[in-house]
Amino acid sequence: MSYVNSRVRKKDAMSLVTGKPVYTGDQIPKNALVVKLLRSPHANAMIQDIQTAAARKIPGVAAIFTWQDVPQSRFTTAGQTYPEPSPYDRLILDRHLRCAGDPVAIIAAESEAAAEKAARLVTVRYQVLEPLLDFTKAKDNPILVHPEKNFRSLVPVGADSARNLCSTDHFEVGDVEEVLSRCPVVLERTYNTTANNQAMMETFRTFSYLDEYGRLNVVSSTQIPFHVRRILSNALEIPRSRIRVVKPRIGGGFGAKQSAVSEVFPAFVTLKTGRPAYIIFSRQESMTNGSPRHQMRLQVRIGADRQGFIQAIDLYALSNAGAYGDHGPTTIGLVAHKSLSLYGSLKAARFNCDVVYTNTMGGGAYRGYGATQGIFAVESAVNEVAAVLGMDPCRIREQNMVAQGQIMATYYNEPCSSCALDRCMAKAKEMMGWEEKYPARTLENGHIRSVGVAMAMQGSGISGVDIGSVEIRLEDGGFYTLLLGCTDMGTGCDTILSQMAADCLDCSMDAIAVRGVDTDQSPYDTGSYASSTTYVTGMAVVKTCQSLRQKILEAGAEMLGVPAQATEFDGRRVFCPSSGQEVTLSAIANASVEGGRSCISASESHSSPTSPPPFMVGMAEIDLDPETGKVDVVDYVAAVDCGTVINRNLATVQTEGGIAQGIGMTLHEDISYSPSGRMQNNSFLQYKIPTRLDIGKIRVAFESSYEPTGPFGAKSIGELVINTPAPAIANAIANATGIFFRDLPIRPEDVALGLGKK
């Protein structure tokens, strides 16, 4: 292999670092209308009256739309394969406003100043209702977030709007109560995680226009172009054949753009006015009305014997969907499947959950997608068991972790066909110097240095659901065009898939041109989420290359006048070993575009019945000031099993970035609301994300397994890497203080007060 498992620079690197106009905002037509949203100041209210006459008189105002002007078909903005598990629970504009910041009116104007002035002149009379803000009290609460009659769920996920239930779920393997009754050590703990903002640098943004055929063209910063097409069709009540979606480069997503947050508003304006239109969310709008990680409360009962063999885990999760159910029914499943399955020794496991509606911002997808919350709870509980038993937390994992060859009963009964988790643990211990540093030591300045550990797993796409498709064309002159439907959102998937294609076709990467996603031209792909691209679309690349090689071989053999089975293709030529005859790829390509011959291209799709998990061990070393409670991560080591590493540069920065986000979730980030339901930290001044100065040293190593169902033996890496910091840092803090903190984020004042009480 020339490219796979090497350090290849991203194909778009120079365009990005030299400031080429590659992003959505760079391409907005000059005559496009500016779209602004008037938003609700109330968390729960009904619009009694809305007056727009004065606002319409502002020079430059082209149109103002209210709830009376929009289609009345409910839809979901969750980018998921049809039929979407997320309930159809929203309108473009609704008379019932369910969270602060819900859109009240759409304003389209020639300039931003005119739109903002018009927004100030729209007068609204609200019937302010009591908001339901505490998700622990939402189930069966008399305050109903969705009392409407046309609420519907396409998939039986347990949605019941009369009970404020977005979804419910349950499974049990073995008899949990019977196994726990025989365990000499049983712990019951409750863990809390808050909602987190993805905080991507490029906020939500979209522009739209009508082409010469009258079709709606939508250009958007999105992870899900093909799902956006369906979502817009549902919301606007027009056929998908009238919609084209184009995705330029994305300035970050991390799951936020797996929901169609911004697309519907300019699209609606364009349909109504016939003019190009665009919307760019402010930072405040992105933070108050985006699609953040779901807030959760997780209750764990865990039982073990005196030797530290974990026998049973009982997990209950309560998730706050917020005002809308985007991704609520699907994130909750990963809470259990990606945490309980880390432990192959379990004799019994049980999971129950409820996802409830409240009058807070609707949740969505964020890297880790529910696994992050579940792994924090389960890994923290395992660390607490180790502490009760006086065991090294690495040792308890070494004797309980899942191993290659096992059937993972809590992971859809899938086989563990590739697993280097044991080697990841050994490597992480070596990198950290665990034996010398565990559990803690006091420095001369009184600070405490301590270490903590956690394991994680994720998936590689959604088994039996995700599909990736690829088309590769042999172009005149002998180069290739690679057409993809998946979305490169900065992760480098265009580069990774080109690496695979180059090795499959025995050519240089310079011989492969990659096209971004255009739903009119690209082959169908479910999108970039669920850690699917490398594994699912990568296999589509491999299959397409195999098909294309055969076509090139047949075309070359025909030109040579010999049977195809008598020839070989080495990437540069088709030749006959026995006779020495040959024809170059360039000649074959040129002949394929001449009259009487067929153009040579291939297209294949791939969907996997399994979702092989990547694995990781993370270890944190912290510096804790017992006087102030301040915690600094000074060193973080990660040992990752993502199968075959396709691009070591990109895999490394993926890991580093996920760890940085996990550190932020653990120590800093917290979406909070006022008693009236308005978000209190809606900017980077109040919502603290870690800077380079906050994340210390991050070191990454790979312990590769070989996944037989993956391209070149590869699995995923994108989401896995965010999951270990929270439990590992919490474990390090416990080793330093003797106190287990079970609520995120863990603030300095929490640590200081805890030490004071102790």
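Only heavy atoms go into these numbers, but all of them, side chains included; no hydrogens, no water, no symmetry mates.
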Distance-only donor-acceptor check, side chains [X] and [Y], under 3.5 Å:
| X | Y | value |
| --- | --- | --- |
| Asp641 | Ser705 | yes |
| Gln223 | Thr487 | no |
| Ser220 | Glu263 | yes |
| Gln80 | Ser86 | yes |
| Ser605 | Ser469 | yes |
| Thr76 | Asp326 | yes |
| Glu604 | Thr544 | no |
| Arg205 | Thr203 | yes |
| Gln686 | Ser683 | yes |
| Gln499 | Asn647 | yes |
| Ser704 | Thr644 | no |
| Asn723 | Thr372 | yes |
| Ser528 | Asp488 | no |
| Ser221 | Glu202 | yes |

Under the side chain to side chain contact (heavy atoms under 4.5 Å, CB included) test, which residues partner [X], sequence neighbours left out?
| X | value |
| --- | --- |
| Ala660 | Ile695 |
| Pro239 | Ser241, Arg242 |
| Ala651 | Val645, Phe702, Ile717 |
| Pro248 | Thr24, Gln27, Val219 |

pair [X]-[Y]: side-chain heavy atoms closer than 4.5 Å:
| X | Y | answer |
| --- | --- | --- |
| Leu216 | Leu236 | yes |
| Gln546 | Val541 | no |
| Met509 | Thr495 | yes |
| Pro225 | Val218 | no |
| Ile107 | Leu37 | no |
| His606 | Ile467 | no |
| Val470 | Leu483 | no |
| Thr533 | Thr491 | no |

One thing to verify: whether [Y] and [X] come together as a salt bridge, which I'm taking to mean a side-chain N less than 4.0 angstrom from a carboxylate O.
| X | Y | answer |
| --- | --- | --- |
| Arg215 | Asp520 | yes |
| Asp518 | Arg515 | no |
| Asp211 | Arg244 | no |

Quick one: side-chain hydrogen bond (donor to acceptor under 3.5 Å, both in side chains) partners of Arg249, sequence neighbours excluded? Asp12, Asp494
How would you list, by chain and number, every residue that makes a side-chain hydrogen bond (donor to acceptor under 3.5 Å, both in side chains) with Ser291, sequence neighbours excluded?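 Partners of Ser291 under the side-chain hydrogen bond (donor to acceptor under 3.5 Å, both in side chains) test: none.
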Just how far is it from atom [atom1] of [X] to atom [atom2] of [Y], taken to the nearest 0.5 Å?
| X | Y | atom1 | atom2 | result |
| --- | --- | --- | --- | --- |
| Met616 | Ile722 | CE | CD1 | 10.5 Å |
| Thr481 | Arg473 | OG1 | CZ | 6.5 Å |
| Ser607 | Asp466 | OG | CG | 7.0 Å |
| Ser611 | Ile462 | OG | CD1 | 8.0 Å |

Summary of salt bridge (Lys or Arg N to Asp or Glu O under 4.0 Å) pairs that have at least one residue in residues 271-283, sequence neighbours excluded: Glu110-Arg275
Applying salt bridge (Lys or Arg N to Asp or Glu O under 4.0 Å), which residue pairs with at least one partner in residues 643-659 are found, sequence neighbours left out?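 Those involving residues 643-659 do not exist here.
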Can you list every ring-ring contact (aromatic ring centres under 6.0 Å, His included) pair that touches residues 504-540, not counting sequence neighbours? Phe226-Tyr524, His227-Tyr529
Tell me which pairs pass ring-ring contact (aromatic ring centres under 6.0 Å, His included) where either residue lies in residues 264-289, with sequence neighbours left out.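 Residue pairs passing ring-ring contact (aromatic ring centres under 6.0 Å, His included), neighbours aside: Phe65-Phe268, Phe204-Phe281.
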All salt bridge (Lys or Arg N to Asp or Glu O under 4.0 Å) counterparts of Glu84, not counting sequence neighbours: Arg230
For Lys688, salt bridge (Lys or Arg N to Asp or Glu O under 4.0 Å) partners two or more places apart: Asp694
Compute the centroid of each ring, for His327 and then for Tyr369, and state whether the two points are separated by less than 6.0 Å. yes
Could you walk me through whether Ser418 and Lys715 pass the side chain to side chain donor-acceptor pair (under 3.5 Å) check? CA-CA 9 Å; Ser418 58; Lys715 300 184 284 190; 3.2 Å; yes
Any donor-acceptor N/O pair, Asp503 side chain to Tyr3 backbone, under 3.5 Å: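 Yes: the side chain of Asp503 pairs with the backbone of Tyr3.
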